[in-house]
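Order of the sequence lines sets the chain letters (A, B, ...), proteins ahead of strands, with each chain counted from 1.
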Amino acid sequence: MRAISWNVNSLRTRLERVLGVLERHQPDILCLQETKVTNDQFPHAALAEVGYKAVVHGQKTYNGVALLSKVGLEDVQIGFPNDPVEAEARVISAKLGGLRFINLYVINGKEVGCDKYVRKMGWLDALNQWIGELRAQGEEMVVLGDFNIAPDDRDVYDPEGWRGKIHFSEEEHQRLAAMQAHGLEDLYRLHHQEAGLFSWWDYRGGAFPRDHGLRIDLALGSPEAVSRCSGSEIDREERKKGTWEAKPSDHAPVIVDFQE
DNA sequence: ATGGTTGGTCGCCAA
C-alpha cells in the first residue's frame with residue numbers, strides 16, 4: 001500500500017502535475033494540501049477518469065485538503081473536534097488498510113510571536129488532544145501532511161540561521177514532540193538518516209537551485225504503521241520545472257510505502 | 001531588516 005502527501009499549492013493550477021504524480025507513483029491514497037478550491041469546483045471528473053475518487057474539505061482561496069483513492073476510503077472525517085479555527089479547511093481523515101490517514105495542513109505561523117504564530121500553537125494543542133484521544137482508543141494511524149515544522153537540524157539547510165525562526169522554533173518543536181509522545185514516529189527517518197533531504201523550497205531567491213530547503217512535509221506513524229512501513233521517498237524531481245508546461249508546487253510529494 | 005516568487009483574485013493577502 002502506497003500513500004503520498006503533497007502540498008500542491010492550488011489544485012486547479014497543478015491538475016496536470018497531479019495526474020502525472022498519480023500515473024508515475026500509482027498511490028493507493030494521495031493526501032493533498034492547499035487545494036485552494038471550493039468543494040463544488042473540485043475537479044472530480046478529471047480524477048475519476050484515471051480511477052481516483054476524492055473526498056474533499058475545501059474553501060475559497062485558502063487552505064483546502066483532500067484525499068484521493070482508487071481503492072475506497074472508510075469512515076471519512078472532516079476536521080476534528082474542538083478545532084479553534086474550524087472555518088479553515090485544514091484536516092480530513094479516513095481509514096484505509098487498517099490505518100487512519102489524517103491529512104493535515106498546519107497553520108504556517110508567518111513569524112515567531114505574531115498572532116498567527118500564537119494561533120498555530122493553540123491549533124496544534126487542540127489537534128494533539130484529539131490525536132491523543134484516538135490513540136487512547138487504540139487507533140492505528142498515519143498523521144501526514146504539511147506540518148510547517150522542520151523536526152531537527154538535518155531538516156534545515158542553515159540550522160544556525162533558522163534556529164528560533166518560524167518552522168524551526170522551540171515552541172513548534174514542543175508541539176511536534178507532544179504529538180510524537182502519543183506514540184507516533186517520523187516514518188521518513190526510519191529509512192533515511194542523512195541531513196539535507198528537503199520537501200519544500202521557497203519560490204523566492206532561487207531557493208531550489210541553491211538547495212535552500214526545509215523538510216516540513218512529514219508522515220508520522222503509530223506502532224503498526226511503523227512496523228509495516230517498508231520505505232519512504234521524497235519526489236524531488238517533481239519540484240523541478242522540467243519539461244512540464246505547468247510550474248511546480250513549492251513542495252515535493254512525500255511517498256510512504258506499507259506492507260499489506 | 002529586507003527581499004525575493006507564486007497563487008487567488010483584481011488590490012492586495014498569504015505563503
Side-chain angles (χ1 to χ4, degrees), chain A residues 5-21 31-43 46 56-66 83-91 103-124 144-150 155-158 160-169 171-172 175-176 198-218 234-254:
Chain A
S5 171
W6 190 20
N7 180 324
V8 284
N9 187 17
S10 172
L11 177 55
R12 284 172 295 177
T13 295
R14 219 71 64 200
L15 183 58
E16 288 305 311
R17 281 184 173 259
V18 169
L19 295 173
V21 163
C31 306
L32 297 174
Q33 304 93 36
E34 280 206 273
T35 54
K36 296 185 177 179
V37 64
T38 53
N39 292 351
D40 60 299
Q41 289 201 50
F42 194 93
V56 301
H57 181 30
Q59 67 180 94
K60 189 177 148 96
T61 311
Y62 304 116
N63 311 314
V65 285
D83 182 344
V85 291
E86 203 180 0
E88 299 183 8
R90 295 183 175 277
V91 179
N103 179 23
L104 303 182
Y105 176 48
V106 175
I107 294 171
N108 178 294
K110 190 178 170 77
E111 192 181 333
V112 171
C114 75
D115 52 355
K116 287 176 183 173
Y117 182 80
V118 173
R119 279 206 310 134
K120 182 178 191 175
M121 297 308 117
W123 188 82
L124 286 167
L144 73 175
D146 179 358
F147 279 61
N148 272 313
I149 304 173
D155 303 311
V156 177
Y157 76 89
D158 173 18
E160 295 320 314
W162 274 91
R163 203 175 309 286
K165 302 287 199 312
I166 193 66
H167 311 310
F168 202 56
S169 70
E171 285 182 89
E172 290 167 292
R175 270 58 181 196
L176 187 57
F198 306 132
S199 68
W200 172 83
W201 298 259
D202 202 313
Y203 282 129
R204 297 166 290 189
F208 185 68
R210 293 164 193 252
D211 203 20
H212 286 183
L214 304 177
R215 190 173 69 93
I216 54 176
D217 299 273
L218 311 177
I234 297 171
D235 181 8
R236 194 190 158 86
E237 290 295 306
E238 176 54 45
R239 180 60 178 79
K240 295 180 179 172
K241 289 182 182 172
T243 57
W244 293 80
E245 200 168 316
K247 293 171 179 175
S249 168
D250 46 352
H251 295 253
V254 178

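If you check B:dA14, B:dT5, B:dG7 against the side chain of A:Arg204, the one that comes closest is B:dT5.
Along DNA chain B, the nucleotide nearest A:Lys110 and the nucleotide nearest A:Pro248 are compared for position; the residue whose nucleotide lies closer to the 5' end is A:Pro248. Between A:Ile107 and A:Tyr203, the one whose closest nucleotide on DNA chain B sits nearer the 5' end is A:Tyr203.
A straight line from CG of A:Asn9 to P of B:dG7 spans 6 Å, rounded to a whole angstrom. Distance A:Lys241 NZ to B:dT6 C1': 11 Å, rounded to the nearest Å. Rounded to whole Å, the distance from CZ on A:Arg119 to C1' on B:dA15 is 13 Å. Separating the CG atom of A:Asp115 from the C1' atom of B:dC13 is a distance of 14 Å, rounded to the nearest angstrom. With rounding to whole Å, A:Arg90 atom CZ is found 10 Å from B:dA14 atom C1'. In this entry the distance linking CD of A:Glu88 with C1' of B:dA14 reads 11 Å, nearest Å. A:Ile149 has its CD1 atom 14 Å from the P atom of B:dA15, to the nearest Å. Here the P atom of nucleotide B:dT5 and the NE2 atom of A:His251 are 18 Å apart, to the nearest Å.
In this model, a donor atom of one side chain and an acceptor atom of the other lie less than 3.5 Å apart for A:Asn7 and A:Glu34.
Using a 4.0 Å heavy-atom cutoff across all strands shown, A:Arg14 reaches sugar-phosphate atoms only and no base atom. Note on A:Phe208: nothing from the nucleic acid sits closer than 4.0 angstrom, heavy atoms only.
Between the side chain of A:Ser199 and the main chain of A:Asp217, a donor-acceptor pair closer than 3.5 Å is present.
For A:Tyr157, the side chain to side chain contact (heavy atoms under 4.5 Å, CB included) partners two or more places apart in sequence, or in a different chain, are A:Trp162, A:Phe198, A:His212. Under the salt bridge (Lys or Arg N to Asp or Glu O under 4.0 Å) criterion, A:Arg90 pairs with A:Glu88, sequence neighbours left out. Contacts of A:Thr38 classified as side chain to side chain donor-acceptor pair (under 3.5 Å), with partners at least two apart in sequence or in another chain: A:Asp40. Partners of A:Asn39 according to the side chain to side chain contact (heavy atoms under 4.5 Å, CB included) rule, which considers only residues two or more places apart in sequence or in another chain, are A:Val56.
Scanning residues 57-65 of chain A for heavy-atom distances under 4.0 Å to DNA chain B yields A:Lys60, A:Thr61, A:Tyr62.
A distance of about 14 Å separates the P atoms of B:dC10 and B:dA14, rounded to the whole Å. Separation of the C1' atoms belonging to B:dG4 and B:dA15 is 13 Å when rounded to the nearest angstrom.
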Please list, one pair per line, the donor and acceptor atoms closer than 3.5 Å that link side chains of residues 106-115 of chain A to other protein atoms, with sequence neighbours excluded.
residue: A:Asn108; atom: OD1; partner: A:Lys110; partner atom: N; Å: 2.8

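Taking only side-chain nitrogens and oxygens, A:Lys116 comes nearer than 4.0 Å to OP1 or OP2 of B:dA14.
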